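Comments concern the structure below.
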There are 2 protein chains.
Amino acid sequence: MRMVIATCSVDYDGRLTAHLPLAKRLLLVKADGSVLVHSDGGSYKPLNWMSPPCAMAEVEPDEAEAAEGVVAVWVVQHAKSEDRLRVRIHEVHDDVRHDLGVDPGLVKDGVEAHLQRLLAEQIEVLGEGWTLTRREYQTPIGPVDILCRDATGQSVAVEIKRRGEIDGVEQLTRYLELMNRDPHLAPVTGVFAAQQIKPQARTLAEDRGIRCVVLDYAELKGLDDTTLRLF
Amino acid sequence: MRMVIATCSVDYDGRLTAHLPLAKRLLLVKADGSVLVHSDGGSYKPLNWMSPPCAMAEVEPDEAEAAEGVVAVWVVQHAKSEDRLRVRIHEVHDDVRHDLGVDPGLVKDGVEAHLQRLLAEQIEVLGEGWTLTRREYQTPIGPVDILCRDATGQSVAVEIKRRGEIDGVEQLTRYLELMNRDPHLAPVTGVFAAQQIKPQARTLAEDRGIRCVVLDYAELKGLDDTTLRLF
DNA sequence: CTCTGGATCTCGATG
DNA sequence: CATCGAGGTCCAGAG
C-alpha cells in the first residue's frame, strides 16, 4: 500500500469521461496496482479510481505539462479494457509505503439469506401447525422466498426483506397473482416478513389482504441456538 | 485526513453484523469523522466503514481487551442511527495527518443524459426528414426518452442507453405497448439507441420490430460543435 | 464462464 | 423530506 498526499488533477477516460480540477488529495496505490483518489469527505466511494486488473506507470510530464507545473504523471491502464486514469501531480506532500499482507476477509451476518434460512427452520413462528413446503420455490417470474402451509393446509407464499418497502409488496403481489392461477396451488395467501416494515408498505400489503410480520433477528437467532442446544 | 496503519480487528453492528479478524490494515479518518478500513487489494470499496454523519471517539481498552493486547479502541457512532463501528487496535505502525481542504469536485461527461440531449438536437441522425416531438415524453409508466416523427409523420419512441442490454429493450417494449393503445398516437414504432448494443438485446429488439441504432458519441458531439459553429 | 439480484449500496434529480 | 433510477456500480452465489 502506497499512500501519497499530492496536489494533482485527475482525468478518467473509459465508460465515461471525468475530470478532477487541481486540488490536494490522497492517492492510494494498492498492491494489485489499483489506484484510489480520495478527498477529505464524502462517503467511502473515491472521487476517481481504477479497479484491478490494472497497471500504474509513472511517466515524465511532456513540455506543456511541465510548463503548467506538473512534476510527474501517473498513467493507470486497465488490463482488459481501454479504461485509463491519468493523474497529473503538481506537488507531493507525503509519500509512504507499507506492506499489509493479504487480508483474512470479512465475516458477515444478518443478511436476507440468513433471515430466510432462520425463518424456514422456524416456520412455526408464523403460526402453530404451519409447515415448510420449500425455500426458493420457483415460479416463471422468479423464486418465492418461502412456500409453506398454514394449519389448515392452505398454501402461503412468504416474501422476506430486511427492510420492507413497497416494491417488496409489489413483488409478492405478482407471485400471488401467478400462483393463484395454478389450480394445484390456489388459494395461496401472502405473508410479508421483514425486520422493519414501512407504514406505506404495510398499508398497501394489508389493503391487498397480505399479512405483515415483523421479524426479530436476535430472537430468531436465539431460538435457533436453543434448538441447536436441544440436539 | 488522518491515515493510520494499524494491526487491528474491526466489528460493525447496525444494518448487519460484520467482523474483521486481526490483521494489518489502513484506517482513514476523514475530516467529517467518517472512517474507512482498507486492505491492500480488492476494489474501491473498503472492508468496513462508517459513513457521515458520525463521530469517532478513541477510548481506553477494557481489562479483557487489554489482556488480549489491545492498546486503543475506536468507537465510531453514526449520528442518526444505531450503526456503530468498533476498531480494536493492537499495534500502530504509522499515524499521519494532512489538511486537504474542500475538494472542487468531479466534472462528468458522456452520461446518458448528455447522449439524450445530443440526439434530440440532431434527431435527423435517425433518418432524413425526422422531427423531434419532445424529450422525456410522459406516459403513465414513466417518461419515454425521446418521442419523434419519421419522414412520413408516424410517431417513433426512442430509448437511449449507454450500453444497450435486454432490460432496456423490455422498458421500450412496455412504452410501445402502452402508447399503441392510444388512438391519437398509434401506430408508434420503436428505436433502441445505444453506444453499444449487446447481441442478445439486439436479437430481442429486432424480433419485436424495434430498430437498433449504435450511437457514436464523439461523432454526435462533433456534429454538435459544427452546428454551434454555424451560429 | 456468464448471469442474476442484493447492497451498511452511493449519488443525483425530481416532486 | 422522500422517492426513483442509474452506476465506471461492486459483489456473491447459482447455473
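It should be emphasised that the depicted structure is a prediction, and the values quoted were computed from it without experimental measurement. Numbers restart at 1 for each chain; the letters A, B, ... are given by sequence-line order, proteins then strands.
In this structure, A/Q200 reaches the sugar-phosphate backbone alone: every heavy-atom distance under 4.0 Å involves primed, P, OP1 or OP2 atoms, never a base. Residue-level contact check: B/M50 touches neither bases nor backbone, having no heavy atom under 4.0 Å from any strand. When heavy atoms are screened at a 4.0 angstrom cut-off, B/S51 is found touching the sugar-phosphate backbone but no base atom.
Remark: nothing in residues 24-37 of chain A comes within less than 4.0 Å of DNA chain C through any heavy atom.
Protein chain A touches strand DNA chain C; the 5'-most and 3'-most nucleotides with an atom under 4.0 angstrom of its non-hydrogen atoms are C/dG6 to C/dC11.
Looking at residues two or more places apart in sequence or on another chain, you find no salt bridge (charged side-chain N to carboxylate O under 4.0 Å, His left out) involving A/E68. Residues passing the side-chain hydrogen bond (donor to acceptor under 3.5 Å, both in side chains) test with B/D13 are B/T17, sequence neighbours excluded. Considering only residues two or more places apart in sequence or on other chains, A/Q200 meets the side chain to side chain contact (heavy atoms under 4.5 Å, CB included) condition with A/I166. When the salt bridge (charged side-chain N to carboxylate O under 4.0 Å, His left out) test is applied to B/R208, the partners found at least two apart in sequence or on another chain are B/E170. Partners of B/Y44 by ring-ring contact (aromatic ring centres under 6.0 Å, His included), not counting sequence neighbours, listed by chain and number: A/W49. With sequence neighbours excluded, no residue satisfies salt bridge (charged side-chain N to carboxylate O under 4.0 Å, His left out) with A/D182. Applying the ring-ring contact (aromatic ring centres under 6.0 Å, His included) criterion to A/W74, with sequence neighbours excluded, gives no partner residue.
Going from atom CD of B/Q116 over to atom P of D/dA6 covers 11 Å, rounded to whole Å. Here D/dG7 presents its P atom at 14 Å from CG of A/D83, a figure rounded to the nearest Å. Distance B/L106 CG to D/dT9 C1': 14 Å, rounded to the nearest Å.
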Query raised in the report: In dot-bracket form, how is DNA chain D paired, counting a Watson-Crick or G-U wobble pair only if both its distances are under 3.5 Å and using | for bases paired to another strand?
Result: |||||||.|||||||

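Comparing A/I166 and A/W49 by the nucleotide of DNA chain D whose heavy atom lies nearest to each, the residue mapping closer to the 5' end is A/I166.
Taking a cutoff of 4.0 Å between a charged side-chain nitrogen and a carboxylate oxygen, A/D11 and A/R88 qualify as a salt bridge.
For residues 28-40 of chain B, no residue pair satisfies the salt bridge (Lys or Arg N to Asp or Glu O under 4.0 Å) rule, not counting sequence neighbours.
The closest donor-acceptor contact from the side chain of B/R202 to the backbone of B/C212 lies at 3.5 Å or more, if one exists at all.
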Check nucleotides 11-15 of chain D against the protein and report each pair of N or O atoms closer than 3.5 Å, with its distance, or say if there are none.
| residue | atom | partner | partner atom | Å |
| --- | --- | --- | --- | --- |
| D/dC11 | OP1 | B/S43 | OG | 2.6 |
| D/dC11 | OP2 | B/S43 | OG | 2.9 |

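Between B/E82 and B/Q77 the shortest heavy-atom distance is C-NE2, 3.8 Å. Here the closest heavy-atom approach between residue A/A23 and residue B/D103 is recorded as CB-OD2, 4.1 Å.
Distance noted for atom P between D/dC11 and C/dC11: 15 Å (whole Å).
A/K161 pairs with exactly one of A/Q116, A/Q171, A/Q195 by the side-chain contact (heavy atoms from CB on, under 4.5 Å) rule, that one being A/Q171.
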